[in-house]
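Notes to accompany the following structure.
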Amino acid sequence: MKTKGFNKTISIYGLGYIGLPTAAMFASKGIQVIGIDVNKDIIDSVNNASVLSTEPGLNKKINELISKKLIKAFDHAQESEVFIITVPTPIHKDDKNIEAPQADISYILNAAGEISKVLKKGDLIILESTSPVGTTKKLSNFLEQKRKDLTFPHKQDSDSDVRIAYCPERVMPGNIIYELENNDRIIGGLSKRCSREAKKVYEIFLNAECFLTDADTAEMAKLTENASRDVQIAFANELSIICDKNGINVWELIKLVNKHPRVNVLQPGPGVGGHCIAVDPWFIVAENPVDSKLIKKARQINDSKPGWVIKKIKDDINKILEASSSRELKIGFFGITFKPNIDDIRESPSLEIVEYFSKENLHKIYVIEPNIKSLPDSIKNAELVDENFKYENCDILVILVDHDQFKSINFKNMHVIDTKGILNDNDGN
Ligand code: SAJ
């Protein structure tokens with residue numbers, strides 16, 4: 001079953017949490033997909049049809065398509081007509097403490113370097129990685145330097161040999177398969193023709209609309225989506241600190257104010273994690289240091305929330321120690337992932353909090369985390385415990401992630417610090 005009128009091969013650079021499901025989407029429509037990655041384990045898992053992702057619904061779907069030879073993986077470029085880049089764009093780690101960390105687009109340029117080796121007239125390149133404004137033009141410029149025999153569209157050349165467009169991914173981990181098919185897409189071509197051709201590619205599997213614009217606007221749209229969420233979460237986090245000082249239950253407060261037809265306050269927590277919302281707003285700040293005051297402040301508020309939670313736990317520890325002869329307490333931490341019901345600990349504020357107490361090594365630390373099999377190396381003096389653990393024997397319990405499994409626990413008469421408001425929804429409390 002080949003999709004009508006589309007007889008092209010699609011190469012996907014970067015077989016991570018976006019690349020793999022995207023490959024599955026095209027392959028399920030009969031398109032031949034080539035996956036390229038620098039990680040040998042990923043290439044092997046694809047070629048052996050043994051992909052083990054935690055994304056619901058992905059493993060069965062993708063492993064079946066691989067078995068039908070519709071997806072093959074390589075570590076180097078293969079000739080194709082369409083190239084989609086889905087590699088990470090982290091922030092330069094060393095920049096973490098300077099005014100605004102810069103985006104690291106080296107993975108994009110490495111992928112482009114590979115693509116340049118097999119690029120030919122008529123090919124289309126689509127960049128999906130979250131990128132600072134201007135990156136798609138840089139990519140086109142970079143390729144022009146490598147391939148002087150071809151023309152590129154960054155000079156608004158609608159007749160260029162190669163077409164290039166920016167089309168950000170917008171899917172939510174945990175619901176990727178559904179959202180890939182059903183979320184509207186923004187497509188920003190370097191020329192109108194580039195946009196139109198990229199649109200044809202997404203129409204192969206999309207059950208939603210494509211909105212065409214220019215590349216700069218599409219890049220800024222992706223950054224705006226995540227910065228907007230970051231600012232709203234910062235508002236909720238600031239509110240939670242104000243309420244804590246004033247003895248007001250912030251969860252009840254938010255429920256009440258959200259009854260207003262034009263108010264929708266998000267939920268506070270121990271901070272903002274993950275590789276998107278905790279990172280992408282910096283791409284705006286780095287390029288616009290004077291004008292992005294609110295976006296920067298929101299990042300700082302969310303980044304400082306784990307520190308506030310740590311202080312709160314330490315205050316409670318001191319209160320308990322003052323009233324007891326014991327010097328070592330038992331502390332149980334519920335969750336270390338960056339959000340509920342996943343196993344991803346990247347940039348996790350919960351992990352940062354547990355790391356702090358494990359490094360301090362003054363108390364017995366227990367971690368209740370049903371989504372991981374072993375603790376990361378950064379947590380040394382702690383024990384990962386399962387559902388049989390007698391957490392009621394702990395002196396302090398800290399809820400850091402609202403995993404579904406935690407919502408039915410009866411915490412009655414226990415000393416609980418709840419950073420996610422699950423006690424509020426729990427009848428036992
Ligand atoms: N969080 C809160 N309070 C909330 C909502 C979230 O504290 O009310 C925290 C979460 O616990 C987590 C962090 O924010 O630590 C980010 O989680 P998230 O669920 O908001 O978002 P991500 O990072 O999983 O995915 C986001 C999504 N962007 C938006 O919703 C605007 C997704 O659509 C993007 O595709 C993804 O970033 C990405 O790849 O950029």
Side-chain angles (χ1 to χ4, degrees), residues 14 16-22 54-56 86-91 103 127-132 166-180 182-186 208 218-241 250-251 254-255 257-258 264-284 295 298-299 301-306 308-309 334-353 371 399-404 406 418-422:
Y17 85 106
I18 297 296
L20 269 180
T22 305
T54 53
E55 185 59 34
T86 54
V87 295
T89 39
I91 41 178
L127 176 62
E128 285 202 13
S129 313
T130 306
S131 303
Y166 182 71
C167 177
E169 60 82 11
R170 308 166 106 179
V171 293
M172 190 70 111
N175 198 25
I176 290 182
I177 301 283
Y178 175 83
E179 293 204 1
L180 264 180
N182 293 290
N183 288 0
D184 290 338
R185 303 283 308 218
I186 298 174
E219 287 161 344
M220 189 63 181
K222 170 68 195 190
L223 300 180
T224 303
E225 287 162 11
N226 281 355
S228 151
R229 193 155 167 87
D230 198 40
V231 170
Q232 291 178 60
I233 299 170
F235 178 74
N237 277 333
E238 183 165 285
L239 206 55
S240 73
I241 294 172
V250 71
W251 317 101
I254 290 172
K255 248 185 213 157
V257 299
N258 283 352
N264 184 20
V265 179
L266 293 186
Q267 301 300 307
V272 166
H275 40 284
C276 305
I277 299 205
V279 172
D280 304 348
W282 286 123
F283 296 4
I284 301 179
I295 297 170
R299 255 322 34 255
I301 289 172
N302 287 334
D303 270 355
S304 65
K305 192 73 193 290
W308 183 84
V309 175
F334 283 79
I336 54 167
T337 58
F338 89 82
K339 66 182 211 175
N341 309 320
I342 57 165
D343 64 353
D344 194 338
I345 54 171
R346 282 176 293 179
E347 314 286 333
S348 169
S350 312
L351 180 68
E352 188 180 329
I353 292 163
N371 299 297
I399 300 167
L400 295 172
V401 187
D402 46 343
H403 290 314
D404 286 345
F406 300 161
D418 179 12
T419 72
K420 285 308 301 178
I422 73 172

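For ligands, and for the atoms within them, numbers begin at 1 and follow the listed sequence.
Remark: E225 engages R170 in a salt bridge (charged side-chain N to carboxylate O under 4.0 Å, His left out) (not counting sequence neighbours).
Under a 4.0 Å N-O distance rule, the pair E128/R185 qualifies as a salt bridge.
Residue I284 holds its CD1 atom at 5.0 Å from CG of L223, rounded to the nearest 0.5 Å.
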Worked verdict on E352 versus E347 for side chain to side chain contact (heavy atoms under 4.5 Å, CB included) = CA-CA 8 Å; E352 188 180 329; E347 314 286 333; over 6 Å; no
Quick check for students: name every N or O atom pair between ligand 1 and the protein closer than 3.5 Å, with distances.
| residue | atom | partner | partner atom | Å |
| --- | --- | --- | --- | --- |
| ligand 1 | 3 (N) | Q267 | O | 2.7 |
| ligand 1 | 8 (O) | Q267 | N | 3.0 |
| ligand 1 | 8 (O) | Q267 | O | 3.4 |
| ligand 1 | 11 (O) | F338 | O | 3.3 |
| ligand 1 | 15 (O) | G273 | N | 2.9 |
| ligand 1 | 15 (O) | F338 | O | 2.7 |
| ligand 1 | 19 (O) | K339 | NZ | 2.9 |
| ligand 1 | 20 (O) | R229 | NE | 2.5 |
| ligand 1 | 20 (O) | R229 | NH2 | 3.1 |
| ligand 1 | 24 (O) | K339 | NZ | 2.7 |
| ligand 1 | 28 (N) | N226 | OD1 | 2.9 |
| ligand 1 | 33 (O) | R170 | O | 2.9 |
| ligand 1 | 35 (O) | E169 | OE1 | 3.3 |
| ligand 1 | 35 (O) | R170 | O | 3.3 |
| ligand 1 | 35 (O) | V171 | N | 3.1 |
| ligand 1 | 35 (O) | V171 | O | 2.7 |
| ligand 1 | 39 (O) | Y17 | OH | 2.7 |
| ligand 1 | 39 (O) | E169 | OE2 | 2.6 |
| ligand 1 | 40 (O) | K222 | NZ | 2.6 |
| ligand 1 | 40 (O) | N226 | ND2 | 2.7 |

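Across all non-hydrogen atoms, the minimal contact from Q267 to V265 is NE2-O, 4.1 Å.
With T419 contributing its side chain and I399 its backbone, the two residues share a donor-acceptor pair below 3.5 Å.
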